[in-house]
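Right, one structure below, let's go through it.
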Amino acid sequence: SQKIEQNSEALNIQEGKTATLTCNYTNYSPAYLQWYRQDPGRGPVFLLLIRENEKEKRKERLKVTFDTTLKQSLFHITASQPADSATYLCALEKGGSSASKIIFGSGTRLSIRP
Amino acid sequence: ETGVTQTPRHLVMGMTNKKSLKCEQHLGHNAMYWYKQSAKKPLELMFVYNFKEQTENNSVPSRFSPECPNSSHLFLHLHTLQPEDSALYLCASSQETAGGYEQYFGPGTRLTVT
């Protein structure tokens, strides 16, 4: 069956360091991979989308890589800040002209300590 | 805010009650989604609507009944729920259901079934 694993349930990082979160998948061939941020009691907020033919995408302090051979995406936050503390979700979806089923990982809770 | 609103934010209901969750999006999107989020579990896609037509029902029990009167509004009608249905119910919208479009989530309805 299709499976998504995010490297760890929780990650603690010292402020200023780079946080790296991992998303691995099996039995799936996604055309797109997305990363979301979710704060407690709120809905997820979209951060970045990367396509299967893209190796890397950047947005300000965020960087996402997508390796379809390893079936893995890495999500990096450079110069991390306490305000970056949240749960980060990866999501995979197939392409196609009709409805595209999207599946989410269970998330990694990131804590940035001052 | 994300442009997606949900009401109520919190709901407590008995197993014999009937209630409805409401979602409205102000983004001009054509696709709307219902998700269930339980503690320590991935987001579970329940229903997908594209241009008011239901395109996915992920084996959701019939005690959950969606309704999409137009592209801006989505309802989830609840009846004879079970305690295990207690969760955060999230509504989302996107430009289309074809892959490659980010989803915008509402704040969710925290449902408790007693």
For residues 41-52 of chain A against chain B, heavy atoms under 4.5 Å, the residues are A:Gly41, A:Arg42, A:Gly43, A:Pro44, A:Phe46, A:Leu49, A:Arg51
Please name all residues satisfying salt bridge (Lys or Arg N to Asp or Glu O under 4.0 Å) with [X], sequence neighbours left out, ordered by chain then number.
X       : answer
A:Glu5  : A:Lys3
A:Arg61 : A:Asp84
B:Arg9  : none

Of B:Gln6, B:Gln37, B:Lys41, the largest count of non-hydrogen pairs under 4.5 angstrom with chain A goes to B:Gln37
When the 4.5 angstrom heavy-atom criterion is applied to A:Gln6 and chain B, the contacting part is neither
So, the part of A:Ile4 with a heavy atom under 4.5 Å from chain B: the answer is neither
Between A:Gln34 and A:Tyr32: side-chain donor-acceptor atoms closer than 3.5 Å
no
Cut-off 4.5 Å, heavy atoms of chain A, and the answer for B:Tyr35 is side chain
Applying a strict 4.5 Å limit to non-hydrogen atoms, the region of B:Leu90 in contact with chain A is side chain
Problem - ring-ring contact (aromatic ring centres under 6.0 Å, His included) assessment of B:Phe64 paired with B:Phe47 - result: CA-CA 10 Å; B:Phe64 295 90; B:Phe47 302 103; 7.7 Å; no
From the list B:Ser94, B:Ser72, B:Ser93, side-chain hydrogen bond (donor to acceptor under 3.5 Å, both in side chains) with B:His29 holds only for B:Ser93
Close side-chain approach of A:Cys90 to A:Phe104, heavy-atom, < 4.5 Å: no
Parallel, tilted or perpendicular, judged at 30° and 60°: which one describes the rings of A:Tyr36 and B:Phe105?
perpendicular
